[in-house]
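Here's the structure we're looking at; comments come further down.
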Amino acid sequence: MIIEILRKEVIHMSKKIDKRIKYRIILDCETCPCDKDFEGISPWNMWFYDLGWAVVDKRGNVYKTQSFVNADIFLAEKELMQSAYYANKIPMYWEQIKVGQRILTSFAKIRKAFLADIQEYNVIEVYAHNMKFDWGALTNTQRWLTKSKYRYFFPKDIMICDTLKMARQVIGKMPTYRNFCEENGYLTKNGQLKFTAEILYRFISKNNDFTESHTGLEDVLIEKEILAYCFKQHKKMERKLWA
């Protein structure tokens with residue numbers, strides 16, 4: 001399934017970098033808790049075991065994809081991995097690693113590949129849906145594995161952006177989205193609209209049966225559609241996580 005998706009999505013991949021294009025990276029990580037007895041969900045209680053990203057433009061065209069499994073957590077923290085919310089997917093990861101659909105390697109090599117893609121495509125903006133969580137989990141993992149020798153996963157000159165923030169400002173103001181959420185019961189206990197990537201993609205794709213994969217790269221391939229949809233509306237919005 002993942003190979004089929006990538007064949008359809010990576011339609012602009014080329015060895016030649018087009019300097020006229022402003023490339024962006026959008027990423028997603030899956031995590032397990034550091035302390036399985038901790039109540040609630042906090043990025044500072046999470047280590048990532050799956051990280052996927054794509055190099056895209058603002059129209060959602062994909063130029064490169066990466067999918068990594070973090071051996072320093074996936075292998076070295078097997079007991080905690082059983083506490084991951086999607087621990088039932090562990091056998092699936094092994095099958096995909098065996099056939100080369102995901103790369104099992106160390107945290108250091110994953111980050112090295114990430115920095116290499118930033119440099120190769122001259123990326124200055126990195127996105128995620130609910131970036132606050134991804135930023136925290138990635139940073140927390142790095143600090144643990146390097147014993148805080150290296151404290152930040154992202155280079156300091158990178159603009160950290162959040163498609164959740166964008167969607168709330170752009171899609172959240174659309175009467176059609178409000179109607180969509182109300183008709184389908186996509187509301188919080190307080191009656192507020194929900195903005196999960198799954199629900200937003202259902203709205204954008206007009207496929208109300210869509211189910212999110214909850215694996216890094218596959219989720220990136222729907223979240224880049226949220227990014228593209230927000231840009232397409234040509235509305236004023238704040239992209240930065242911290243503005």
Side-chain angles (χ1 to χ4, degrees), residues 1-2 5 9 24-33 38-46 48-54 56 58 60 62 65 67 83-89 92 126-138 140 160-233 235 237-243:
M1 183 64 178
I2 183 172
I5 292 172
E9 292 292 342
R24 297 164 167 86
I25 283 179
I26 183 163
L27 59 79
D28 183 82
C29 68
E30 299 300 326
T31 62
C32 68
F38 179 84
E39 293 184 5
I41 299 175
S42 167
W44 299 105
N45 185 47
M46 296 293 177
F48 85 88
Y49 61 86
D50 173 7
L51 178 62
W53 68 81
V56 302
K58 71 176 184 179
V62 179
T65 61
S67 181
S83 301
Y85 194 81
Y86 298 105
N88 64 309
K89 294 180 182 289
M92 177 205 73
V126 176
Y127 293 75
H129 196 72
N130 190 17
M131 173 59 96
K132 187 175 182 180
F133 181 88
D134 294 85
W135 188 93
L138 292 167
N140 191 46
I160 308 299
C161 303
D162 188 1
T163 57
L164 173 58
K165 190 174 184 179
M166 293 162 59
R168 282 174 171 159
Q169 295 176 68
V170 177
I171 303 176
K173 293 179 181 178
M174 300 171 66
T176 49
Y177 186 69
R178 174 168 290 279
N179 293 339
F180 174 76
C181 288
E182 290 176 347
E183 288 172 4
N184 290 284
Y186 298 148
L187 303 170
T188 67
K189 292 180 180 179
N190 298 324
Q192 301 298 310
L193 304 181
K194 289 185 177 181
F195 291 95
T196 65
E198 181 175 89
I199 292 171
L200 287 164
Y201 186 75
R202 287 179 180 180
F203 171 75
I204 292 169
S205 66
K206 296 181 172 57
N207 177 9
N208 208 24
D209 295 323
F210 172 79
T211 301
E212 191 173 4
S213 175
H214 296 292
T215 50
L217 179 56
E218 290 74 14
D219 290 355
V220 162
L221 295 178
I222 70 165
E223 290 165 10
K224 60 95 175 175
E225 293 297 327
I226 299 170
L227 179 149
Y229 190 86
C230 288
F231 275 115
K232 188 178 179 180
Q233 306 314 306
K235 300 292 184 181
M237 62 181 173
E238 180 55 63
R239 293 170 285 154
K240 293 181 183 179
L241 177 59
W242 298 287

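None of these values were measured; they are calculated from a predicted model.
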* Mind listing the closest non-hydrogen atom pair of Tyr85 and Asn88 along with its distance? => O-OD1, 4.4 Å

* Do Asp134 side-chain atoms and Cys29 backbone N/O form a donor-acceptor pair below 3.5 Å? -> yes

* Asked: Can you find a heavy atom in the side chain of Lys235 that is under 4.5 Å from one in the side chain of Met174?
  -> no

* To do: Verify side-chain contact (heavy atoms from CB on, under 4.5 Å) between Val126 and Met131, making sure each step is shown before the conclusion.
  => CA-CA 9 Å; Val126 176; Met131 173 59 96; 4.1 Å; yes

* Asked: Under a 4.5 Å cut-off applied to non-hydrogen side-chain atoms, are Leu187 and Leu193 in contact?
  -> yes

* Do Asn208 and Tyr186 have a side chain donor and acceptor closer than 3.5 Å? -> yes

* Gap separating the NZ atom of Lys224 from the OG1 atom of Thr163, nearest 0.5 angstrom -> 13.0 Å

* Taking it one step at a time, do Glu223 and Tyr127 satisfy side-chain contact (heavy atoms from CB on, under 4.5 Å)? -> CA-CA 9 Å; Glu223 290 165 10; Tyr127 293 75; over 6 Å; no

* Asked: Could you go step by step and tell me if Ile41 and Met46 meet the side-chain contact (heavy atoms from CB on, under 4.5 Å) rule?
  -> CA-CA 8 Å; Ile41 299 175; Met46 296 293 177; 4.1 Å; yes

* Distance from Cys181 atom SG to Ile171 atom CD1, nearest 0.5 Å? -> 10.0 Å

* To do: Report the relative orientation of the aromatic rings in Phe203 and Tyr177; use parallel for angles under 30°, tilted for 30 to 60°, perpendicular for over 60°.
  => perpendicular

* **Backbone N/O of Gly136 and side chain of Asn140: donor-acceptor pair under 3.5 Å** => no

* Structure fact -> Nearest heavy-atom contact between Ile160 and Trp135 is CG2-CD1, 4.1 Å

* How far does CG of Asp162 sit from CG of Asn130, to the nearest 0.5 angstrom? -> 6.0 Å

* Asked: Are side-chain heavy atoms of Trp44 and Phe38 found at a separation under 4.5 Å?
  -> no

* To do: Determine whether Thr65 and Val220 make a side-chain contact, defined as any pair of heavy atoms from C-beta on separated by less than 4.5 Å.
  => no

* **Side-chain donor/acceptor of His129 to backbone N/O of Phe195, under 3.5 Å** => yes

* Asked: Is there side-chain contact between Glu30 and Asp219, with heavy atoms separated by less than 4.5 Å?
  -> yes

* Structure fact -> In this structure, SG of Cys230 is separated from CZ of Arg168 (nearest 0.5 Å) by 12.0 Å

* To do: Answer yes or no: is there a donor N or O on one side and an acceptor on the other, between the side chain of Asp50 and the main chain of Thr215, under 3.5 Å?
  => no

* Interatomic distance, Asn45 atom CG to Glu39 atom CD [nearest 0.5 angstrom] -> 11.5 Å

* Trace of the side-chain contact (heavy atoms from CB on, under 4.5 Å) decision for Glu225 with Tyr201 -> CA-CA 7 Å; Glu225 293 297 327; Tyr201 186 75; 3.9 Å; yes

* Asked: Looking only at heavy atoms, what is the nearest atom pair of Ala228 and Gly60, with distance?
  -> CB-N, 3.7 Å

* Asked: Measuring from Ser205:OG to Ile226:CD1, what's the distance to the nearest 0.5 Å?
  -> 10.0 Å

* Asked: Going by heavy atoms in the side chains, are Thr31 and Phe133 under 4.5 Å from each other?
  -> yes

* N/O donor-acceptor pair under 3.5 Å between Gln233 side chain and Tyr229 backbone -> yes

* Taking everything shown except Lys89 itself, do over 12 heavy atoms lie less than 6.0 Å from its NZ? -> yes

* To do: Give a yes or no answer on whether the side chain of Gln169 reaches the backbone of Lys165 with a donor-acceptor pair at less than 3.5 Å.
  => yes

* Is any side-chain heavy atom of Leu138 closer than 4.5 Å to a side-chain heavy atom of Leu27? -> yes

* Taking Glu212 for its side chain and His214 for its backbone only, find out whether a donor-acceptor pair lies under 3.5 Å. => no

* Asked: Heavy-atom distance under 4.5 Å between the side chains of Arg239 and Phe231, does that happen here?
  -> yes

